[in-house]
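Positions are given from 1 along the sequence. Fair warning: this is a prediction, and the values are worked out from it, not measured in the lab. Whatever order the structure lists them in is the order used to number ligands and atoms, beginning at 1. Note: hydrogens, waters and symmetry copies are ignored here, and every other heavy atom, side chains too, is used.
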Amino acid sequence: MITSEVYFEGIDNTIKQYLMSAKHSIKICVAWINGSKYAPIFYNLSQKGVKIEIMFNNDNTNSNHGLMPSEFYTIYPINTRLSSAIMHNKFCIIDNEIIINGSFNWSQRAHNSFENILIVKNDFELVKSFLHEFNDLVSYYRSFNNNTILKCHCRSNTYTMGILGRENGLYNDSIVDIWRICTKNQHTQFVAEENEQFIQAQLGLLNEDVYDDDTDIYDKSTMLHEFQEEVNQTNNIQNYFAQRNGNKIDAIGSIIMTNHNEHIEWGEEPEYQINIVWKDMYYRKIIPNILYNYEYDNIAQIIDKHCMI
Ligand SMILES: [Zn+2]
């Protein structure tokens with residue numbers, strides 16, 4: 001049964017009690033965490049076999065008062081890509097079944113402020129969303145220091161995008177072309193193209209709905225299975241594109257006609273946009289989900305190459 005409760009007082013103790021109740025795993029993602037308060041708790045839990053992972057903002061507060069690296073838990077100090085941004089999440093996943101979320105920072109100072117936490121149990125759809133966020137931030141953390149960013153002629157940073165062309169014929173032949181796009185002005189530079197077969201199927205992008213909602217109870221094991229499949233799909237995409245022409249692909253786009261019906265029925269001029277079907281977490285805040293033709297002149301170059309043939 002899904003239950004939820006909210007706390008405005010005694011937050012510190014409530015969090016402590018929930019942490020101590022953990023049997024298998026704890027994932028914490030907070031801006032700030034107090035080392036002297038939480039390290040002993042994590043030590044005790046680790047002795048019971050609980051796997052503990054903690055993610056926090058990489059800043060002076062955490063360097064001075066936060067958690068030191070330890071064999072009893074794993075830490076991920078997160079750097080944001082902009083100096084003005086911070087990792088400001090505040091959530092905790094216990095045993096993949098309890099979510100703690102709210103305004104409360106796990107620091108000394110938060111104790112005296114007006115704060116709240118919401119605790120939700122057994123909402124596995126919700127747990128899965130938080131697991132993805134945590135997992136994505138771990139990938140982001142791991143790729144942070146080994147990303148080489150190429151500059152555009154306008155001096156802004158670029159990302160590399162694979163565009164999936166339309167599939168034709170018995171073997172679903174298509175062209176995947178690779179473009180470098182700058183983040184500031186959407187300047188485009190053609191890099192390479194490759195011929196592919198059945199690529200959308202291989203990448204699991206065909207949206208086959210395998211779950212039957214009526215018969216499956218969405219319990220923890222169903223959720224974990226589904227979560228793992230989704231993680232695997234992302235990994236497959238990353239691996240597939242890892243060494244295309246020596247280019248690491250940061251995003252994959254697919255060109256969509258936005259006025260298909262009007263085009264067929266009224267003969268309207270076709271209009272296109274590029275839907276980003278996947279992007280590397282390192283670029284999650286940088287690459288938009290949709291590239292509009294009318295917004296960025298340069299994007300038309302990519303669309304024209306695929307659609308004006
Ligand atoms: Zn540029």
Side-chain angles (χ1 to χ4, degrees), residues 57-59 78-88 133 136-167 174-196 199-200 203 205 234-235 237-259 269-309:
N57 195 51
N58 191 13
D59 60 20
I78 298 283
N79 291 297
T80 51
R81 295 186 77 231
L82 295 171
S83 55
S84 58
I86 63 170
M87 207 293 292
H88 204 244
E133 182 64 15
D136 289 349
L137 282 165
V138 171
S139 313
Y140 169 90
Y141 170 82
R142 295 210 169 112
S143 66
F144 194 85
N145 289 323
N146 49 28
N147 252 307
T148 40
I149 296 174
L150 296 164
K151 295 277 182 187
C152 179
H153 58 78
C154 74
R155 303 177 78 182
S156 90
N157 293 339
T158 66
Y159 59 90
T160 306
M161 182 157 72
I163 298 282
L164 302 175
R166 267 174 295 186
E167 299 191 345
S174 68
I175 290 174
V176 174
D177 49 5
I178 299 170
W179 297 78
R180 206 156 284 144
I181 302 175
C182 87
T183 54
K184 199 171 165 198
N185 301 309
Q186 269 69 37
H187 292 133
T188 53
Q189 187 197 338
F190 177 77
V191 180
E193 65 175 27
E194 286 195 38
N195 296 305
E196 295 287 355
I199 188 171
Q200 302 219 11
L203 298 180
L205 295 173
T234 307
N235 291 342
I237 293 176
Q238 257 171 326
N239 293 339
Y240 193 83
F241 279 103
Q243 289 138 358
R244 297 282 111 167
N245 288 311
N247 295 288
K248 180 182 160 290
I249 303 282
D250 306 311
I252 300 171
S254 173
I255 298 172
I256 306 292
M257 195 194 291
T258 55
N259 60 343
E269 281 292 302
E271 283 166 20
Y272 298 97
Q273 67 186 35
I274 299 174
N275 286 359
I276 305 299
V277 294
W278 173 80
K279 57 182 156 179
D280 192 298
M281 274 305 117
Y282 184 73
Y283 292 91
R284 61 186 295 182
K285 302 288 182 190
I286 306 293
I287 303 175
N289 290 327
I290 298 172
L291 295 169
Y292 295 104
N293 201 5
Y294 57 82
E295 236 175 0
Y296 310 118
D297 281 349
N298 300 309
I299 298 302
Q301 269 188 40
I302 301 175
I303 291 173
D304 288 353
K305 178 170 176 294
H306 279 272
C307 301
M308 303 301 165
I309 303 164

> Going by heavy atoms in the side chains, are His187 and Gln189 under 4.5 Å from each other?
Replying inline: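 Heavy-atom side-chain distance check fails, nothing below 4.5 Å.
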
>> I want to check something: taking the side chain as every heavy atom from C-beta on, are Ile286 and Lys279 in contact at a cut-off of under 4.5 Å?
In response: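 No; the side chains remain at least 4.5 Å from each other.
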
>> With a 3.5 Å distance limit and no angle check, can you tell me whether Ser254 reaches the backbone of Leu164 through a side-chain donor-acceptor pair?
In response: no

>> Within less than 2.8 Å, report the number of protein N/O/S atoms around the Zn ion (ligand 1).
In response: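 Number of qualifying protein atoms: 4.
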
>> Measuring from atom OG1 of Thr160 to atom CD1 of Ile252, what distance do you get when rounded to the nearest 0.5 angstrom?
In response: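 The distance works out to 12.0 Å.
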
> Going by the angle between their ring planes, with limits at 30° and 60°, are Tyr283 and Tyr159 parallel, tilted or perpendicular?
Replying inline: tilted

> What's the shortest heavy-atom distance between Pro288 and Ile276, and which atoms?
Replying inline: O-CG1, 3.1 Å

